[in-house]
Amino acid sequence: MSEGEMAKLMEEVEEKKKLIATIRNKPWRMKRRLTHLKESQQFVDKFEGALGKGKGRKWYAYKVMMKKKWIKFQRDFENFRTACIPWERKIKEVESHFGSSVASYFIFLRWMYGMNLVLFGFTFGLVVIPEVLMGLPYGSIPRKTVPRAEQDTAQDYSVLMDFNGYCKYSVLFYGFYNNQRTIGLLKFRLPLSYLMVGIGSFGYSLMVVIRTMAKNADVGGGDGEDGEFTFAWKMFTSWDYLIGNAETADNKYASITTSFKESIVDEQENQKDENIHLRRFLRVLANVMIICSLGGSGYLIYFVVKRSQEFASRDDLSWYEKNELEIIMSLLGLVCPPLFETIAELEEYHPRIALKWQLGRIFALFLGNLYTFLFALFDEVNTKLEEEDSIRNASLWAMKEYYANFTLNPNDTEATPPPMDPSDVIRGPCWETAVGIEFVKLTVSDIQVTYLTILIGDFARAVIVRFLNYCWCWDLEAGFPSYGEFDISGNVLGLVFNQGMIWMGAFYAPGLVGINVLRLLSSMYYQCWAVMATNVPHERVFKASKSNNFYMGLLLLILFLSLLPVVYTIMTLPPSFDCGPFSGKPKMFDVIMETIDLDLPAFLGTLFSYAANPGLIIPAVLLMVLAIYYLNSVSEAYQNANMELKKKMQMARDEEKNRRNNTDSTNQVMKDLEDLLPNRSLAPPAPEHEKEEPPSKPTKVKPGAAGKNVNLQKDVALASPNPTQPNPHARGPVNRPPGPRGPGPMPGPRGHPAGPGPGGRGRGRPGPPPPQ
Amino acid sequence: MGSRASTLLREEEIEEIKKETGFSHSQITRLYSRFSSLDKGENGTLSREDFQRIPELAINPLGDRIINAFFPEGEDQVNFRGFMRTLAHFRPIEDNEKNKDHSASEPLNSRTNKLLFAFRLYDLDRDDKISRDELLQVLRMMVGVNISDEQLGSIADRTIQEADQNGDSAISFNEFIKVLEKVDVEQKMSIRFLH
């Protein structure tokens, strides 16, 4: 509390105390005295403590101290929370040297790391740990043991690298998990948990992506958007005066430089005047070329897939024919993006927009990649399913044989035969584990390719350019190879597609999420180092768009695309008969049915069966569609209202600017205008208006024009203390003949204090004396 | 006793400073302890070297100019009164002051006076105008050699073009106020006494 306020408070408390002391002498009714007494006593009690006197002061002082401590604690906690954000300094360094667009990639990477960490927590805590702690150990049941045929090679490095051998029969993959309904002392329902975690990961990812999109879509409402004083603000207000660290100061210098360069690029874009028709033609041409190349690559992929299917049936394949698919896919991935970039130079977009187009095109290309992968995978699954039937019969037959042979032992005719050694049992093909292995292999090879590309494409290139420059004919740094620029679109798309693979594969390989977390963590450090050490900033540094929603949009699309195969397999394909937590059930989601039947009370079961009725689901879907439509139109209405308000604010500001700058001229114009108006009969009262108006301001309330009148006078007082100013507007209403009122008093002769009163009267004001 | 006595703050002085600058008693004592900690020579005044010991001022591109603003014309030492007089520009504007109508003399920490302080940092020759050359000097200090000279020239020209209203190719104080109209100067140019 400031000292002025303290003094005021002291006065008031003194007054109240005086009142309390003299209340007996006041000629009031008892009731009134009592209320005043109570009020004054409460006031004194409350605030005397604040002044350091009276009974309440200790409690008040204590309260104030606690409040201060609480505010300080909140501030410290906020500081701590901000300090806990990982890698903030690294990203700021990258941002100040390379611009906000490159930094946006790293911010995206960090966000992905957070999301994957949460997914890892779910999977690890709810699926892997229970199985490891409470489930049966390795080697106890067939699905957890390496089959005898493979046991010699199970520890070989090459086999492990292929994720066979001991890797295949470990917690990493689907096949390890047992299908016991409850395990351990806690009766933990593992199969149910497995299914729920799988579906929950998708749900969580969806929620997080949409929430981030919604947060980013907060259009900064306001009037600072028109970019009136961009350069002036950058010049006068860009330094942060609270920086005390030399390194931070260097970063700040770099970021100011980058920010100026970005603004220069933006300016250049705005000022380009060009031939619109030529530009449009070039853009159409570029798009046609790109669509042709996309179509060509699509056909090539289809052709190669068909060939690989033929090859699958043959045995005498050369190395090229065996790996043709992967080679063609990698070649496409290496050749097409630079091709798109070169073609895109025809279009001459702003770099930010060009980046978005590039992302979209490479995305379309990679979708073809995804298509072949899934196609191949489904082929494999189908063959395995066919195999399964025959193997299941074979293994049952083998079991029967084993027991039949055993009972031939004459001594122990009643003892039960020991179970067959787990490694001898004939194993089914377990398609889910095979799918999981495919995904893990893909992810690992993706990691290797990325790291190698950075090492060779960026690091080796930088080393060569730097050291070979001394003995080379032309300037390597300025000329052909030079240092690389950070490839934003390639990296972002790599990240997005990688996440799609993880989402698809996490259901079949719970360990995949853990591998991804490690990958993102190492990638952050590795790429930060590579950027700072081997890359140069783009020639045209551009500001990233304010919202990161473009990346989020791509992520959302991939999320949906990866949701579909998993849901399809859960719903339609039968699980393997001898591996995984759902073995033995006709469909995977039967676990839920089982749980509802056995664990939940009966009425819930009937409730669910009613809820699953199509007659209920279809109206629910319709309702949701209607809700979406309604919310959409409401949001559009808000946006329109927003626009209108902004326009109004702008108009009001312009008006005030005009008024302030051109006070004289508007006065003159208005004066002349008034001179031209007819009905100058009311001119004589004008001087009286001037004298009478100021003292009677509070009573001059006019319906309709009231608000405007009062406002204008206030505004005008700010703009110019011109006494004649109120007249043009005040005169208006007065000019109206006092028609509606019978007696029709004139303002002047009546000597009425309110000038424009006769034109219309204030509400609730006692009228003039009737004209008797 | 002895050498410290002359540097202790007396009640009358605090009252005078309070009247002149508007700081409260506790704020003045706190600023006095900061003054004493900067005053390594313990003679009751600060020199330019004392200011340059502050890291935030040392790495600031405009650091020297800010330090100059503390010292009155031609002098090399500033005492506590002078120190407070300059710092008075950075007193936070309190809510009940915002609505006071304009009295005869504006307090030192009004928005206009804060902006005047900032303006004087750029306008070195005190001709009440920021000319193109002065802008170029500031740009060179802020950006250094990373941007070419012609680009710096265009940035300076563009800045003047954005701000200039009366066409004299320089930024006057009123134009400066207009440029920073939407910037929250009251909050940014204020010491935050955290308590």
Side-chain angles (χ1 to χ4, degrees), chain A residues 1-6 8 64-65 67-69 71-72 75-76 97 222-261 263-265 267-268 271 537 653 657 660-661 717-718, chain B residues 18 22-27 54-63 66 94-97 115 118-119 121-122 130 135-136 138-139 141-147 151-152 154-166 171 175-176 178-185 188-189 192 194-195:
Chain A
M1 233 197 287
S2 78
E3 306 206 339
E5 287 180 21
M6 249 338 185
K8 238 184 348 175
V64 164
M65 190 186 72
K67 192 156 174 230
K68 282 196 199 169
K69 279 210 199 303
I71 293 179
K72 183 162 191 312
R75 206 170 54 230
D76 285 339
H97 283 99
D223 34 19
E225 298 294 333
D226 31 57
E228 269 190 84
F229 293 113
T230 338
F231 281 91
W233 278 3
K234 279 204 204 310
M235 164 140 348
F236 292 128
T237 62
S238 49
W239 182 256
D240 181 359
Y241 287 85
L242 294 177
I243 295 182
N245 182 355
E247 208 181 288
T248 321
D250 283 337
N251 279 348
K252 191 66 185 169
Y253 274 115
S255 84
I256 293 180
T257 312
T258 312
S259 142
F260 269 116
K261 287 195 187 162
S263 296
I264 291 178
V265 164
E267 268 309 301
Q268 282 174 342
Q271 281 174 0
R653 251 183 282 132
K657 207 197 310 188
R660 251 192 266 142
N661 288 343
L718 278 175
Chain B
K18 201 198 279 195
F23 280 116
S24 75
H25 196 109
S26 56
Q27 291 170 337
I54 305 175
E56 282 85 352
L57 278 180
I59 55 176
N60 194 326
L62 294 176
I66 298 177
E94 275 140 47
D95 281 326
N96 54 3
E97 283 184 337
L115 285 173
F119 186 76
L121 289 180
Y122 297 101
I130 304 181
L135 280 181
L136 271 178
V138 172
L139 269 176
M141 285 197 297
M142 279 211 302
V143 157
V145 294
N146 293 325
I147 299 189
Q151 279 185 325
L152 285 179
S154 336
I155 295 176
D157 285 329
R158 179 57 201 270
T159 310
I160 294 186
Q161 186 196 20
E162 279 173 355
D164 196 13
Q165 277 160 1
N166 55 1
I171 306 183
E175 290 158 359
F176 187 72
K178 188 76 192 359
V179 167
L180 295 180
E181 194 183 26
K182 293 191 197 132
V183 175
D184 189 6
V185 170
K188 289 190 195 231
M189 279 183 75
R192 270 171 286 202
L194 305 167
H195 53 90

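Values in this document were obtained by computation on a predicted structure and should not be read as measured data.
Contact count against chain A (heavy-atom pairs under 4.5 Å) is highest for B:Ile155 among B:Ile155, B:Val183, B:Leu62. In terms of non-hydrogen atom pairs under 4.5 Å with chain A, the most contact-rich of B:Ile59, B:Ile54, B:Leu57 is B:Ile59. Chain A forms more heavy-atom pairs under 4.5 Å with one residue of B:Ile171, B:Leu135, B:Val138 than with any other, namely B:Leu135. Residue with the most contacts toward chain A among B:Pro61, B:Ala163, B:Ala156: B:Pro61 (heavy-atom pairs, distance under 4.5 Å).
A:Trp233 contributes a side-chain N or O that, together with a main-chain N or O of B:Val179, makes up a donor-acceptor pair within less than 3.5 Å. Here the side chain of B:Glu175 pairs no donor or acceptor atom with the backbone of B:Asp164 at under 3.5 angstrom.
Below 30°, between 30° and 60°, or above 60°: for B:Phe176 and A:Phe236 the angle between ring planes is above 60°, a perpendicular geometry.
Considering CD1 of B:Ile130 and CE of A:Met235, their distance stands at 9.0 Å, rounded to 0.5 Å.
Using a 4.5 Å cut-off between heavy atoms, A:Thr237 touches chain B through its side chain atoms alone. For B:Met141, the part sitting under 4.5 Å from any heavy atom of chain A is the backbone (N, CA, C, O) and nothing else. Heavy atoms closer than 4.5 Å to chain A are found nowhere in B:Ile160, neither backbone nor side chain.
The two atoms that bring B:Met142 and A:Lys234 nearest to each other are CE-O, 4.2 Å, heavy atoms only. Pairing each heavy atom of B:Leu152 with each of B:Leu139, the nearest pair is O-CD1, 3.6 Å.
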